[in-house]
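Worksheet: one structure, shown below.
Here is how names work: the chains are called A, B, and so on, in the same order as the sequence lines, proteins then strands, and each is numbered from 1.
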Amino acid sequence: MSEASSRKTLEERHQMSDLERLRHSCAHVLATAILRIWPEAQLAGGPPVENGFYYDIDLEHRITPEDFERIEAEMKKEVKSNNRFEKQIVSREEAIELSKSGRLGALAEREVESTFKLDLIDSIPEGEELSIFKNGEFWDLCAGPHVGRTGNCKAFKVMSVASAFYKGDAANPQLQRVYGTCFPNKTQLNEHLERLEEAKKRDHRKLGRELGLFAIDEAVGQGLILWKPKGALVRRSLQDFITGELDRQGYSQVFTPHIGKLDLYRTSGHFPYYQESQYAPIAERDQLEKLADEDASCGELMSGLDAGTIDGFLLKPMNCPHHIKIFASDHHSYRDLPVRLAEFGTVYRWEQSGELGGMTRVRGFTQDDAHIFCTPDQLLDEVEGCLELVKIVLKTLGMDQDYRVRLSLRDPDSDKYVGDPANWDKAEDALRQAVKTLGVNYTEEEGEAAFYGPKIDFVVKDIIGRDWQLGTVQVDYNLPERFDLSYVGSDNEKHRPVMVHRAPFGSLERFTGLLIEHFEGKFPTWLAPEQVRILPISDRFTEHAQALAERLSNGGARVKVDVSSDKVGAKIRLARLDRVPYMLVLGEREVENGEVSVRHRDLDDLGCRPVDEFIDAFFEEIQERRIKPVQNGESA
RNA sequence: GCCGCUUUAGCUCAGUUGGUAGAGCAACUCACUUGUAAUGAGUAGGUCGCCAGUUCGAAUCUGGCAAGCGGCUCCA
């Protein structure tokens, strides 16, 4: 929940950091300015958020970026007035009275009542202290805290305007949310703005196009990723890496089809209850023809599919049912467990069109999925093993500093969860115990669990600060029940196995997208689609270059020779734009001495080295999946 | 799905009050044979997102749709 701040209790609000306090005050300055321009605006709430603040307003006029200048000018006036933020404790009755006269969230009394403020008062528990804050003629219902004076908000900027539902509920009216940011001084503000500019350059959508990693084509479909040859090489390297780890941890790799019968998903509970987030079912040909003969409507077709009177298939929204069927195809003794089935499984989900974007939110994606079937006694070990794997993955990619861990629990008040509450408790306890062994901070979040079980999620931020769930480890007592899975225990009786769902990358699409941003396209050598480029000085050295390329290529390197008639400078420039880790300049000197002139995209000219020496160090770097280049002995 | 913005060459962008399009880079060709971030000259490239409408005439005005972007909601 990125908007958790809006749900903070009064108590927590009082614990705002200095920066949050400043930004919260700046939100009031923003509100003051907006009311001066549009006195009829109805204000909802204006909390600080990560990197800034916003204020939600209801206003007929559509605020556009062209209005920002005017708004900022009015804000500057308010800052210049240097009004004091004055707190006044009021009784509930007084607050209601002020709202009714339109005095709250306003510059003066007005005909219309302050509807959102009234509603907010209503949602504040009886007995809690109510306060209003005043700066100049602007009064607002607000728990505070604030900085001393509006003059403190010196370095601010109105950033954007978007829309948001009141209180985050789609049933409520849609408000205009004006985002801004504020810093203690101009220098810090400018640094922040520069960081944002820099961040845009790392955006995986931009780099993905520039580096030829992936494409999305309207004609193929929204949210469907086309992995171009270079992106596919990155993906293959990732898959090879994870496959090696799976082999080490005793997983068995399997392959399953992309579709399954509707009945399979009726059993799992996915159909028809999650229908709105699935591609429409594929009805069987014979039945479609029969229905067409009968002039049946689409509605009749759909209800038949729902009811099970018409057969059909579903593009798989997840791999679990297929893996379950593999498990169920054999008899199992407790001695066989755990069974660990892994697959790079492609799934399809009908995500809302407005949510799609780049590689991070797509409609078809490949999970590095696996399902572990184990005895209850083995559960903790298995979960810990999964966490270990996630750690290895993130560490190898240098992302071990950049993630947070979320223990996602069920919301006890919701009925969307299936299964026995006692099992839920067991599963949640097991995960809580396991997550503690990770040795990293984690947060427990209610209501974030999957419908069939709790999970541990690994969450990473993208370059513009949005949270994305990557790896996940989930405990599930429910599906084994639904599919009536069993194994024979040492007592020669049937027992129910426990399932663990886990995907250390989450999806290859999302993970690659974040990886592009993480490395700014400069993948470590082992991941780079092109690992080394040979730059002959002139075409007299083309043959030598090709011989060297062949040697490298025979060793498994992804190598190219730049045979263009460009000068070395230009060749270097192009290689660097392509983020190729190593450039080998080859001319008279090198050929005579059996050397190469090594240049690294980050370390620049490393000088001449014997060919063999370079090759050894180069392959060592790849083999060990180093993130940082081997500085093969500072320039010789 | 909802609100808002955007859509002109492969990419980044110009395009005056409506008169059927332009630059830089990339691509291609030729010349140059090069020593660590851009050698020069030339050629080609566009149903101005799509579909309607207004108009003698639409990249430009109007409507619808689609896709992209920013949020929101959702995310098994």
Could you pick out which residue, A/Ser538 or A/Arg349, lies toward the 5' side of RNA chain B when each is mapped onto its nearest nucleotide?
A/Ser538
Considering just the side-chain nitrogens and oxygens of [X], establish if one lies under 4.0 Å of OP1 or OP2 belonging to [N].
X	N	answer
A/Arg205	B/G70	yes
A/Gln222	B/A67	yes
A/Arg209	B/U12	yes
A/Arg363	B/C75	no
A/Arg466	B/G71	yes

Ring centroids of A/Tyr274 and B/A76 base under 5.5 Å with planes under 30°
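Yes, A/Tyr274 stacks on the base of B/A76, since the ring centres sit under 5.5 Å apart and the planes are within 30°.
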Report yes if the distance between the aromatic ring centroids of A/His371 and A/Phe327 is under 6.0 Å, otherwise no.
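So the answer is no for these two rings.
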Using a cut-off of 4.0 Å on non-hydrogen atoms, how would the nucleic acid contact of [X] be classed: base, sugar-phosphate, or nothing?
X	answer
A/Gly358	sugar-phosphate
A/Phe165	base
A/Gly354	base
A/Gln278	base
A/Gln275	nothing

Are A/Asp566 and A/Lys571 close enough, and set up right, to give a salt bridge (Lys or Arg N to Asp or Glu O under 4.0 Å), and what steps lead you there?
CA-CA 6 Å; A/Asp566 285 331; A/Lys571 292 186 181 186; over 6 Å; no
Side chain of [X] - closest among [options]:
X	options	result
A/Ser353	B/A76, B/G1, B/C72	B/G1
A/Val585	B/G35, B/G71, B/A38	B/G35
A/Ala450	B/U39, B/A76, B/G1	B/A76
A/Arg62	B/A76, B/G4, B/U36	B/G4

Please confirm whether any donor atom in the side chain of [X] sits under 3.5 Å from an acceptor in the base of [N], or the reverse.
X	N	value
A/Ser163	B/G71	yes
A/Arg540	B/U33	no
A/Gln174	B/C72	no

Side chains of A/Asp58 and A/Tyr166, donor plus acceptor under 3.5 Å
no
Pair A/Glu481-A/Asn423, side-chain donor/acceptor within less than 3.5 Å
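Short answer, no.
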For atom CG of A/Asn172 and atom P of B/G1, their distance in whole Å
21 Å
How long is the line joining CZ of A/Arg177 and C1' of B/C2, in whole Å?
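Going from CZ in A/Arg177 over to C1' in B/C2 covers 14 Å.
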